[in-house]
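Worth saying up front: this structure is predicted, and the values here are computed from it rather than measured.
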Amino acid sequence: MEAPRLYSTKPVQSLKPTKKIPLEEDLGKASDALPLPLYLTNALFFTLFFSVVYFLLSRWREKIRTSTPLHVVTFSDIIAIFSFFASFIYLLGFFGIDFVQSLVFQPSPDVWIAEDEEEDNEVLLAKEDARKVPCGQALDCSLPPLPPAAPIVTTQKVCDEKPLMVIPEEDEEIVKSVVAGTTPSYSLESKLGDCKRAAAIRREALQRLTGKSLSGLPLDGFDYESILGQCCEMPVGYVQIPVGIAGPLLVNGREYSVPMATTEGCLVASTNRGCKAIHLSGGATSVLLKDGMTRAPCVRFGTAKRAADLKLYLEDPDNFETLSVVFNRSSRFGRLQGIKCAIAGKNLYIRFTCSTGDAMGMNMVSKGVQNVLDFLQTDFPDMDVIGISGNYCSDKKPAAVNWIEGRGKSVVCEATIKGDVVRKVLKTSVESLVELNMLKNLTGSAMAGALGGFNAHASNIVAAIYIATGQDPAQNVESSHCITMMEAVNDGKDLHVSVTMPSIEVGTVGGGTQLASQSACLNLLGVKGASKETPGANSRMLAAIVASAVLAGELSLMSAIAAGQLVKSHMKYNRSTKDVSKASS
């Protein structure tokens, strides 16, 4: 087993940089497969590829016509299949597909230092041939003094004068090639086959290029393989965000401990107080109103009449069955629910809505939309698809269409807080809360021209839960659309409070939900992964928890404002007297 690579932080003497070694010099090329001139090799493989494709299609057509099973193959079929894959791999390499060469010609550690070893051999030969007397009348064969051998270290100073980091010699050569631009930083994972090592090399190259230290950004303790190709590109470390727990939150008769990832003081404590008030009053009730993700492509015609023709076709109930069959081919869980169109001159915006199971569903609905667009080209050949997303969806932007029509999960959550709980736990009165909510969340938001922002701080709770559970933080924009309502009930003794959130966009599979930390938080809530009994049940439950946590957060913050405790609380819990930067160093 290969010994682990050690990165020491001891300061050592700096040396002059050694010769840069280009990364690609020793890599083989796909055109080296045959001992023929390049143009003959290309012509041979192009001819071979299209010939075997034609042969195989002809053979399969013949088998279908004669009812012969497709898996029954002859010797000629086997040769043709082998030739197809061989020519296909060659053509991938010919067109510069990088991963093919990295698979066929996997670079070993010696690739990075091969040229350096040749240089060392030349030096040794020169030593043996050194003479103290002239070896010719017009020649001077004396050699310059050689520097003493020593470990290769980084020579770039950083702004905060941290100790220089010693790295292995073979990695040093890769760092130099990245700094010089001969090795693309984004290709390190595929060339090295080691994501952790690639992140370390990229990190060191970045420090040399910028002259800035990343010593406070952790590198170790993270599984970089888990994010490759799906969560983050070109990583150099990870950011630490503390996770607090609010609860127990009693919703629909069940208790939940809500994980919240945040760096804002008071947020978890305030939400926790709201959870306590809800629990002491019998819990909250959450109801799912709608569940459907949207995608709205933009298409253009030569005239507005043609755009209107397509609009009428798409919104005709008689055509919905056909469109559903085409759309639903993209996924087992994606099911078309409805189509809504809007015209702007010759341009048509088509808003598709579909169920997505336990996934948030953006990719799922996009694939279904693409299927429908391809299908429509037959009857509307003059349709020009401008983009798969025309912002009528609307994703990651505040939009009235989401506020009115909903996107993702539309949820309403309510609770009746007892009068004595309002006084003893929330330290205020029912009358004060009702008046503050009317003048702040309703009238004040209207004066500000708010769009979906008729609340105190719904986005605080949504963002904290989203980060903890691996959701897309950018979708906090529309997911935080919320209107908070409060009124006195039971002859003014108790408080009825509710939040209505029409566009909570969450999932329990895919994206960041599969990372270890985020998966643990989902597991804490009991909604990890896909529901085996009822597809989509876990993501719908997560949306209900988010809305209920927002209810708790709204209740507590509004109480703090009504009681005049907001500034006092933040001065106590959101102000640190400790110099964190000095403590970490």
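- Note that CG of Leu522 and CG of Asn538 are 9.0 Å apart. Values are rounded to the nearest 0.5 Å.
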Legend entry - Step-by-step salt bridge (Lys or Arg N to Asp or Glu O under 4.0 Å) determination, Arg407 to Glu505: CA-CA 7 Å; Arg407 188 170 195 257; Glu505 300 165 352; 2.8 Å; yes
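- The shortest heavy-atom contact between Pro502 and Ser410 is O-OG, 2.6 Å.
- In the displayed structure, Gln230 atom CD is contacted under 6.0 Å by more than 12 heavy atoms of other residues, nucleotides or ligands.
- With sequence neighbours excluded, the residues satisfying side chain to side chain donor-acceptor pair (under 3.5 Å) with Gln370 are Asp374.
- For the residue pair Ser394 and Asn402, the shortest heavy atom distance occurs at O-ND2, 2.7 Å.
- A donor-acceptor contact shorter than 3.5 Å is absent between the side chain of Asn523 and the backbone of Lys528.
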Inset, instruction - Could you go through the salt bridge (Lys or Arg N to Asp or Glu O under 4.0 Å) check for Lys196 and Asp223 one step at a time? - result: CA-CA 8 Å; Lys196 168 71 180 301; Asp223 181 12; over 6 Å; no
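- In this structure the side chain of Ser226 never reaches within 4.5 angstrom of the side chain of Gln514, judged on heavy atoms.
- Using bins of under 30°, 30° to 60° and over 60° for the plane-to-plane angle, the ring pair Phe88/Phe84 lands in the parallel bin.
- Counting all heavy atoms, side chain and backbone alike, Leu228 lies closest to Cys195 at CD2-SG, 3.7 Å.
- Listed by chain and number, the residues in a side chain to side chain contact (heavy atoms under 4.5 Å, CB included) with Ala520 amount to none (sequence neighbours excluded).
- Taking the side chain as every heavy atom from C-beta outward, Leu289 and Val411 never approach each other to under 4.5 Å.
- The closest donor-acceptor contact from the side chain of Thr182 to the backbone of Ser177 lies under 3.5 Å.
- In this structure, CG in Leu336 is found 11.0 Å from CG in Asn371, a value given to the nearest 0.5 Å.
- Remark: the backbone N or O of Cys393 is paired with a side-chain donor or acceptor of Arg351 at under 3.5 angstrom.
- Between Met234 and Glu189, every side-chain heavy-atom pair lies at or beyond the 4.5 Å cut-off.
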Inset, instruction - Go through the steps for Met362 and Arg295 under the test side-chain contact (heavy atoms from CB on, under 4.5 Å), then give the verdict. - result: CA-CA 8 Å; Met362 284 299 302; Arg295 174 61 85 196; 2.7 Å; yes
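- Among all heavy-atom pairs drawn from Pro242 and Thr263, the shortest one is CD-CG2, 4.1 Å.
- Between the side chain of Ser270 and the main chain of Leu267, no donor-acceptor pair closer than 3.5 Å is present.
- Using a 4.5 Å heavy-atom threshold, the side chains of Met501 and Ser479 count as separate.
- Judged purely by atom type and a 3.5 angstrom limit, Glu264 has no side-chain atom pairing as donor or acceptor with the backbone of Thr262.
- With a 4.5 Å cut-off on side-chain heavy atoms, Cys413 and Val550 do not count as touching.
- Of all heavy-atom pairs spanning Ser366 and Ile388, the tightest one is O-CD1, 4.1 Å.
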Legend entry - Working for salt bridge (Lys or Arg N to Asp or Glu O under 4.0 Å), residues Glu172 and Arg208: CA-CA 12 Å; Glu172 171 68 20; Arg208 297 190 190 185; 2.7 Å; yes
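- Nearest heavy atoms, Ile504 versus Tyr466: CG2-OH, 3.7 Å.
- Tyr224 places a side-chain N or O within 3.5 Å of a backbone atom of Leu219 that can act as its donor or acceptor partner.
- With Asp358 contributing its side chain and Thr508 its backbone, the two residues share no donor-acceptor pair below 3.5 Å.
- For Asn252 (side chain) and Ser286 (main-chain N/O), a donor-acceptor pair under 3.5 Å exists by modelled atom type.
- Taken to the nearest 0.5 Å, the CG atom of Asp472 stands 11.5 Å off from the OG1 atom of Thr513.
- In the model, Arg202 has a side-chain atom that pairs as donor or acceptor with a side-chain atom of Ser185 under 3.5 Å.
- Looking only at side-chain heavy atoms (C-beta outward), Ile545 and Val251 stay at 4.5 Å or farther from each other.
- At least one donor-acceptor pair closer than 3.5 Å links the side chain of Arg203 to the backbone N or O of Leu214.
- Side-chain atoms of Lys397 come within 3.5 Å of backbone N or O of Asp395 as a donor-acceptor pair.
- From Tyr256, atom OH reaches atom OG of Ser548 across 8.5 Å, with rounding to the nearest 0.5 Å.
- In this model, no donor atom of one side chain and acceptor atom of the other lie less than 3.5 Å apart for Ser324 and Asn328.
- Going from atom CG of Asp291 over to atom OG1 of Thr353 covers 11.0 Å, rounded to the nearest 0.5 Å.
- In the model, Ser480 has no side-chain atom that pairs as donor or acceptor with a side-chain atom of Ser459 under 3.5 Å.
- In this structure, the side chains of Pro398 and His481 come closer than 4.5 Å at one or more pairs of heavy atoms.
- The side-chain heavy atoms of Arg197 and Ile174, taken from C-beta on, include a pair separated by under 4.5 Å.
- In this structure, the separation between CG on Leu217 and CD on Gln207 is 9.0 Å, given to the nearest 0.5 Å.
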